[in-house]
There are 2 protein chains.
Amino acid sequence: MVSSIAELISDRIGTMPAGERRAAQTLIANYPLTGLKTVAEFSAAAGVSSPTILRFVARLGFQNYPEFQSALQDELAAQLQSPASRTLNPSSAGGAVSPMLEATLDNMRETFRHLTDRQLADIATRLAERRGKTFLIGGRFTDPLARYMAAHLAIIQPDVYHLAGQESIWRDRLIDMGKRDVLVIFDIRRYQESLVRFAEKAHHRGVQIILFTDQWLSPIARFARHVIAGRTAVPSAWDSSAALFVVVETLIGAVTRQLEAAGAKRMRDLESLR
Amino acid sequence: MVSSIAELISDRIGTMPAGERRAAQTLIANYPLTGLKTVAEFSAAAGVSSPTILRFVARLGFQNYPEFQSALQDELAAQLQSPASRTLNPSSAGGAVSPMLEATLDNMRETFRHLTDRQLADIATRLAERRGKTFLIGGRFTDPLARYMAAHLAIIQPDVYHLAGQESIWRDRLIDMGKRDVLVIFDIRRYQESLVRFAEKAHHRGVQIILFTDQWLSPIARFARHVIAGRTAVPSAWDSSAALFVVVETLIGAVTRQLEAAGAKRMRDLESLR
DNA sequence: GGGGCGCTGTATCGAATGTTACGTATTTTG
DNA sequence: CAAAATACGTAACATTCGATACAGCGCCCC
């Protein structure tokens with residue numbers, strides 16, 4: 001049984017020709033508002049012609065476009081009257097919402113529960129007001145997080161470097177690091193020996209280390225000035241870095257805010273360079 | 001200042017003549033759906049004539065009926081996109097939780113609400129059972145997501161390539177791509193022209209494109225076989241890719257499950273290589 | 001490589017919608 | 001109580017919308 005039109009669409013989207021599929025995707029992307037507009041507007045949004053929209057609607061089993069819109073409105077009416085149902089995934093008629101999503105949301109809540117605003121603010125301040133350089137590095141699966149953070153930080157402040165490539169390459173960068181510098185390390189299970197060694201050496205050079213790790217704490221925690229422990233357990237063969245990802249985004253936002261004056265000017269300068 | 005049309009109405013309902021007041025009450029009674037219907041239906045519901053509805057709308061300050069409907073739709077769009085705005089009460093959060101976290105959690109719920117299990121399963125199957133190669137590429141800020149996905153997929157199946165570096169480099173890789181191949185693209189605002197061009201060319205070569213984008217849909221959606229639209233709005237200077245990140249992890253998990261037999265063997269082989 | 005099929009856009013038509021003019025009813029005011 | 005002003009509905013109008021026929025195009029299969 002099909003309870004919602006969205007479900008109906010995703011059932012049949014596989015059997016649709018390209019044009020109608022584009023219509024379907026645009027509708028799903030911000031459901032159901034696009035369907036409430038006129039055919040012309042709908043077709044423009046989807047980048048197809050009006051007849052394609054009508055064929056799309058016909059394929060879903062509606063006699064005409066107004067009938068389709070009425071169905072959408074009825075659905076919307078039901079939703080608006082019981083806001084609680086909005087949090088449920090319609091496809092979860094069986095009851096099971098994506099267990100992956102549930103676990104991830106829990107991980108985030110739990111991660112932030114163990115993270116005080118004070119801690120976040122302190123770390124943000126250290127990243128914003130450091131007098132030296134900022135280096136970022138990650139492990140096998142967490143390196144993208146380091147990259148993501150570096151990509152943003154590098155825009156709002158100078159001297160941000162992501163350490164990539166072979167171990168020998170970034171090991172040699174140690175020579176540039178000193179007390180005024182900050183090193184952001186991402187390391188979750190299984191902890192990488194090379195990263196631990198690197199962290200230890202950096203620590204001895206007086207570098208301030210900010211560590212992103214999992215709840216079991218990488219051995220690097222011994223050398224770290226700040227430690228962020230994210231929950232990683234999900235019903236999957238892999239650990240999840242999503243909670244850490246959100247912490248990263250939160251920090252990026254906080255640092256940006258602190259550097260608002262200086263950062264804004266810098267961003268304008270960058271814009272003008274393009 | 002009047003933030004919503006409902007407010008505007010209750011402000012002026014006192015100064016309205018009887019007929020228009022009935023219109024106003026009918027609209028408020030099940031707001032805003034009645035306003036989205038036609039003038040004839042609206043008038044019938046309110047028990048007045050069409051011109052009365054139009055006069056009512058004019059009194060609210062709208063030039064014509066379509067303009068009034070557009071305003072209602074915009075308002076509805078804003079509501080639907082941030083469910084937090086309605087449920088947002090600080091006490092239920094149990095203390096000062098980061099608004100950044102709240103918005104992110106909402107984004108994820110909303111993203112998955114627009115994503116049926118069927119869609120995810122279809123995409124996972126395409127990634128798992130493709131007969132050719134898998135290519136991944138991302139934009140300025142989303143490239144780390146492509147890397148993250150590639151890092152995992154490359155472990156459980158062969159022929160997974162992340163396209164990085166200069167445009168000319170991955171443009172040349174087009175020559176290796178064909179009908180049996182899959183191209184995963186990440187592109188959120190502001191959409192990158194170079195990626196669009198790349199996607200178009202790949203599409204013409206018959207490559208199956210899986211697109212990760214935001215709710216406003218990158219122009220690449222025109223060429224994509226599958227589109228995943230994630231919510232990105234957060235109280236920050238930057239857009240959030242966290243929702244897309246979770247979808248990525250979910251897909252990685254699903255593909256891994258599908259390839260369990262083959263993948264497990266492959267992972268054991270990899271282990272023994274170390 | 002050729003023939004057939006299916007998909008898609010352009011142009012056109014009919015219908016339904018929003019809009020306006022005008023006459024009647026109702027209320028308000030002197 | 002009378003007269004004016006306002007409100008309201010009926011009916012005709014113009015516009016926009018949804019629907020359809022048709023031709024071009026690409027694609028797949030033989």
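Naming convention: chains lettered A, B, ... in sequence-line order (proteins, then strands); numbering from 1 in each chain.
- Within the 4.5 Å cutoff, the side chain of B:Leu127 has heavy atoms near those of the B:Val184 side chain.
- Using modelled atom types, one finds a donor on one side chain and an acceptor on the other under 3.5 Å when comparing B:Thr125 with B:Gln258.
- The side-chain heavy atoms of B:Tyr31 and B:Leu72, taken from C-beta on, include a pair separated by under 4.5 Å.
- For the pair A:Phe56 CZ and C:dC7 C1', the computed distance is 16 Å after rounding to whole Å.
- Taking the centre and axis of the six-membered ring of B:Phe135, the NZ or CZ atom of B:Arg173 falls outside the cone set by 45° and 6.0 Å.
- Here C:dT17 presents its C1' atom at 10 Å from CD of B:Gln69, a figure rounded to the nearest Å.
- Here the options are B:Gln25, B:Arg55, B:Arg59, the test is side chain to side chain donor-acceptor pair (under 3.5 Å), and the partner is B:Glu20; only B:Arg59 passes.
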Where do N or O atoms of nucleotides 6-13 of chain D meet protein N or O atoms at under 3.5 Å, pair by pair?
from: D:dC8; atom 1: OP1; to: B:Ala18; atom 2: N; distance (Å): 3.2
from: D:dC8; atom 1: OP1; to: B:Gly19; atom 2: N; distance (Å): 2.5
from: D:dG9; atom 1: OP2; to: B:Ser49; atom 2: N; distance (Å): 3.3
from: D:dG9; atom 1: OP2; to: B:Ser49; atom 2: OG; distance (Å): 3.0
from: D:dG9; atom 1: OP2; to: B:Thr52; atom 2: OG1; distance (Å): 2.7
from: D:dG9; atom 1: N7; to: B:Arg55; atom 2: NH2; distance (Å): 3.2

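- Ionic pairing of B:Arg118 and B:Asp122 is present here: one or more N-O contacts between side-chain nitrogen and carboxylate oxygen are shorter than 4.0 angstrom.
- Between the CD atom of A:Glu67 and the P atom of C:dA16 there is a distance of 15 Å, given to the nearest Å.
- With 3.5 Å as the limit, one finds no donor-acceptor pair spanning the side chains of B:Arg222 and B:His203.
- Taking the charged nitrogens against the carboxylate oxygens, B:Glu260 and B:Arg257 have no contact shorter than 4.0 Å, which rules out a salt bridge.
- Within the 4.5 Å cutoff, the side chain of A:Tyr65 has heavy atoms near those of the A:Ile53 side chain.
- The closest side-chain donor-acceptor pair between B:His162 and B:Asp143 falls under 3.5 angstrom.
- Note: CG (A:Asn64) to P (D:dT20) measures 9 Å, nearest angstrom.
- For the segment residues 33-44 of chain A, the set of residues with a heavy atom within less than 4.0 Å of an atom of DNA chain C is empty.
- Distance B:Leu54 CG to C:dT20 P: 8 Å, rounded to the nearest Å.
- Of the residues near DNA chain D, A:Pro66 and B:Lys179, the one whose nearest nucleotide (by heavy atom distance) lies more toward the 5' end is A:Pro66.
- Within residues 197-209 of chain B, no residue has any heavy atom under 4.0 Å from DNA chain C.
- Ion pairing between B:Asp176 and B:Lys133 fails under the 4.0 Å rule for side-chain N and carboxylate O.
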